[in-house]
Structure formats: C-alpha cells, structure tokens
Amino acid sequence: MSITGWRVALLGLLLGSALVQAKPAQPSVIVVGAGFSGLAAAFELQEQGWQVTVLEARPTVGGRAGVASAEWLGSAELQPVLHQYLARFKLHTQAAPEYVRAASYLIDGKLFTQAELEQQQPAVAAAILGYEQALDGLAAQLDDPLQPLASARLRGLDQLSVARWLDQLALPATARALIEQRIRSRYDEPSRLALLYLVQQSRVYRGRPTIQLRSERLPGGSQVLAQALVKQLQTLKTGARVEAVTQTADGVTVKVGAAGYHADYVILSVPLPALARISLTPALPALQQAALKDINYGWREQMLLKFRKPFWGNTRLTGEIFSNQGVGVMWIEPAPKGGANLLVNISGDNARLMKAFNDRQMVDQVLLRLDKYYPGARAAFSGFEMRRTGTDPLAGGAYLAYGPGEISRYWRLWEQPLGRLLFAGEHTDALYPGTLEGALRSGQRAAQQVEALRAATD
Ligand SMILES: Cc1cc2nc3c(=O)[nH]c(=O)nc-3n(C[C@H](O)[C@H](O)[C@H](O)COP(=O)(O)OP(=O)(O)OC[C@H]3O[C@@H](n4cnc5c(N)ncnc54)[C@H](O)[C@@H]3O)c2cc1C
C-alpha cells in the first residue's frame, strides 16, 4: 500500500472510531426485584431501547402477588394502568359474580348479609353506618388526596391513631369488632394506623362503590400477567439476591454474591424492610434511613385451605366476609382440581401473634375456629397453600400502612431519585399503595424518571 493509501486507511479508521464514539451508547439499568413494580419498570425501559437486567432473589417472579388461583381486580376506571397491561397482552378477564358486590359479616359463627344485619342486628348495622358516615365526612374535607397535609386540621389527623378515633365514636362492642376487622384486613391494626392515612385512602376511593374494586377476575390470577411481562424481558435472573449497591459518578455496581453487575442506573423495586437489608454506598441520607426504620407495614397472612367437600353446607360462606372472631376476610375460591377451596386472611395483630407458629400450626388455629361453628370442617380438610409476608425477609410485611406522624415526616419521600438510584414499589405510590395498580404505576413512574435523568445528562 502506498503512503497515501495508508493515510486514507488511517483517516478512515480514525473517522470510524470517532463515529462509533459519537453514536450514543445503549443506556443500561438494573432493576432489583421482579414484583409488579419491577416488571413494569423493566418492560417500559426495554421498550424504550434500554439494556435492562432484572435481578430477583426468589426462584419465581410476581413478588407479593397471588396465592389464590384467581384474584379480584378493580374496574378499568379504578385501575387503568393494570387494565392497560391486560389489554396490551390480550389477557381477558371474567366479570365478577353478583355475590361479591356487598360485604357480609360473620358474628359468632352466624353469617349476616348487609340486609340481614339491618333487620336482625339493627344497632350493629346503625353503628357501622355511623362509622362509615364519620369517615366519609373526614374524607370530604380532603380536596386533593395528593396533598393530605394541606391544612392544620388534616395535619392533626396524622398524629391520631385510628383506634383513638374509634374510641371517640363510642361504638357497641360487636360493631367495633367488625369495623376493626375491616380496617385490619385492608390496612393494619387500627392502633398502628394513622387516621390521616385511612382518611386519605377513603378520599382516593370516595364515591366508588365497592364493586368497582372487585369487578372482574383474571383466570389463573395475577401470575398470568407477571408471566406475560417476563416473556418480553431479555435478561431476568431469579435466585439473585442483591446484597450491595455502589453508586459512583459513572454508574452503579450491584453485587449478588461474588458477581457484580454494572449499569448506568438502578431501580430498587423492593419493599422497605427488604431495602433496609441491602448495603448502599454512599449510605442513604438521614431522612431516608429514619424512614426505613419507621414506616409501618401492615400484616396480612393469606392461606388457601383445601377441603374434600364444602363443609359449609348451604351457608353462603363467600364474598368479603368480616368476622368478629379474628379470622379475616374469607372467600370461596375456584377449586380446579375438585373439592372446595377457602381463602382465609389473618391480619394485623392477629397475624403478628402467630409469628412464632409454623404454617401448619397457623392452619390448625383457623381450622379449630371453623370447626367450632361448622362441625366437620377439620375432617374435610385436605391441604393448604400459604403466603406469609410478615415473616418473609424479602417482604417484611404485607404493604405500606402509614402509622401516626409518618405522613408528616415522609410523604412522597421514595419518589425522589438519589443520584443514579431510583425507587419503585407499591409503597412509593401516593394514591394506590398496597395494590397491583400502585405497584405498576410506580414502575412506570420510575421508568420515566430514569429517562428524564438520562436526557438531562445527554
Ligand atoms: C395478602 C395480600 C393480599 C393482597 N391482595 C391484593 C388484591 O387483592 N389486589 C391488589 O391489587 N393488590 C393486592 N395486594 C397487594 C399487591 O400484591 C402488592 O401491592 C404488589 O404485589 C406489590 O408489588 P411490588 O412490586 O411493589 O413489590 P413485591 O411484589 O414485593 O416485589 C418486590 C420483589 O423484590 C424481591 N426482592 C426483595 N429483596 C430483594 C433483593 N435483595 N434482591 C433481589 N430481589 C429482592 C422480592 O422477592 C419481590 O419479588 C395484596 C398483598 C398481600 C400481601
């Protein structure tokens, strides 16, 4: 080759390498956690051309969602993001049957529909109605559920526990037990819950009949949606428990055992108690560290009890049933393999009390109570599936349930990125915490934030 030829070739090479450098590198992100928030964040960013790696500690995806073969989903109006994903993956739901429309009550083993309660226990029904009206009155004072601290009066509600407020209502004992069961089933023990949080959540769902929260079912449960999201993802590692995350000016390094993963950004989509177990360098600011210790999580353990035949005979033991005996919401579930399935929730301090029990001992406690009112329940029992989030180190509780004073200190704290660290998860959603909708929304929000951060550095 002539000297001129070399020069041309060299120039070409230099130009070529300059071109390679000028082309923006594919941005990369690591998503820690393959619950619905992490899956949504990963999916959205991959769609935008990001190189995404999802690291999940468990052998399976879907996180805290779904022990039952099918769960109730809210309407498209109430849970638009969830429905957006269902439509995207052409997943078809089934309409909820009529019997799930209204709650019923199990008082000392006797089941009452709302109408029966009004007829046969009018004082209890009136007290429950009084409670609902009082709560609705407080919710009506909150103009914007995104601004729960807007007035001194509202800030005062944050200092009060729900239990103290119920004391002021002076309810008859049975009504109080049923109302407490309702609150602990959905959130947590009334003594641990801030009144402002109950009011803010009532405001979010105000004017929406309960049926909108249980309008349909996805056959196969939420796992079906989780799998549809996973199918789209290029890199997902299960059994990969993240122990440490180090952030530098150039990017992040995420440690799983001896392996290190490097990326431009990391989205931590794990519940707060699990986040507290991850070593972060640099350490979190003092406010976030305090929040990790303080923020209350509700407890709700769920068991699917399997029976050879329905022990409940002709009793319509299904729907959202609140008992005054500490056994939480119950549903009769489809039993695809025959027999009869009953889903039982134990919540709040009733669940915390059973912390030391193993799964089988916990089931026995429930069977004991059921058998008392429905003789034959124990004899028909054939097996169970259990989901315990309270004692699970990867969860640390069922979901966010702000305690007194916590909204004042930590409102929307986890929506703020810290350098290259971003946070997702139901607990980071200001409107719909404790739901699939909240988890999915938070994943989308974190994905948008990562995009914005990257755009700002380009
Ligand atoms: C009993 C119960 C009943 C519920 N019922 C309903 C309902 O009927 N309707 C509804 O909409 N919602 C319901 N929810 C709420 C809903 O399930 C949750 O809001 C949602 O699943 C939370 O998703 P997430 O992504 O925020 O967290 P998660 O699902 O907890 O996902 C976080 C993931 O991170 C993983 N992880 C944790 N630590 C690490 C680590 N160090 N390294 C790697 N991975 C890690 C976890 O294993 C998990 O998979 C219920 C929840 C419970 C507990």
Side-chain angles (χ1 to χ4, degrees), residues 30-42 53-68 70-74 78-79 81-82 100 185-188 213-218 221-223 225-226 229-230 236-245 254-257 261 266-280 297-304 320 328-329 331 343-347 351 386-390 392-401 414 423-429 432-443 446:
I30 293 168
V31 177
V32 181
F36 276 89
S37 61
L39 292 175
T53 304
V54 182
L55 300 173
E56 165 57 49
R58 293 180 212 268
T60 52
V61 302
R64 280 170 281 170
V67 66
E71 297 158 315
W72 301 119
L73 305 178
L78 202 64
Q79 303 191 327
V81 176
L82 173 63
V100 305
S185 295
R186 176 66 189 88
Y187 305 99
D188 195 11
L213 272 169
R214 300 192 294 267
S215 70
E216 47 212 278
R217 276 191 138 164
L218 179 61
S222 53
Q223 263 305 321
L225 177 58
L229 282 159
V230 166
L236 185 147
K237 291 185 198 307
T238 50
R241 183 172 182 158
V242 169
E243 287 145 16
V245 176
V254 174
K255 291 287 264 184
V256 177
Y261 296 82
V266 62
I267 298 177
L268 296 162
S269 75
V270 303
L272 293 179
L275 180 61
R277 292 165 185 264
I278 299 176
S279 158
L280 300 175
Y297 267 57
W299 272 42
R300 182 169 164 196
E301 318 288 44
Q302 207 166 54
M303 60 186 90
L304 187 70
E320 191 171 29
V329 186
W331 296 100
L343 186 75
V344 177
N345 289 265
I346 312 264
S347 310
M386 180 77 86
R387 176 168 54 157
R388 295 179 79 168
T389 46
D392 178 353
L394 298 173
Y399 33 63
L400 175 95
W414 298 103
F423 304 92
E426 53 82 18
H427 60 283
T428 70
D429 191 74
Y432 302 99
T435 65
L436 296 176
E437 176 75 5
L440 291 165
R441 269 169 52 104
S442 77

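For ligands, and for the atoms within them, numbers begin at 1 and follow the listed sequence. Everything numeric in this text was worked out from a predicted model, so none of it was measured. Numbering starts at 1 and runs along the sequence shown.
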Side-chain heavy atoms of Q223 within contact of V61, under 4.5 Å: yes
Below the 3.5 angstrom mark, is there an N/O of [X], backbone or side chain, next to an N/O of ligand 1?
X: L394; value: no
X: V242; value: yes
X: T435; value: yes
X: E437; value: no
X: E426; value: yes

Any heavy atom of [X] closer to ligand 1 than 4.0 angstrom?
X: A395; value: no
X: G438; value: no
X: P433; value: no

Pull out every atom of ligand 1 sitting under 4.0 Å from any heavy atom of [X], numbered as shown with elements.
X: V32; answer: 42 (N), 43 (C)
X: A398; answer: 53 (C)
X: R241; answer: 41 (N), 42 (N)
X: V270; answer: 34 (O), 36 (N), 37 (C), 38 (N), 39 (C), 45 (C)
X: L55; answer: 43 (C), 44 (N)

Under 3.5 Å: donor-acceptor pair, side chain of Y261, backbone of V54: no
Side-chain (E437) to main-chain (L82) donor-acceptor, under 3.5 angstrom: yes
Mode of S37 contact toward ligand 1 - side chain, backbone, both, neither (heavy atoms, under 4.0 Å): both
V61, portion touching ligand 1 at heavy-atom distance under 4.0 Å: neither
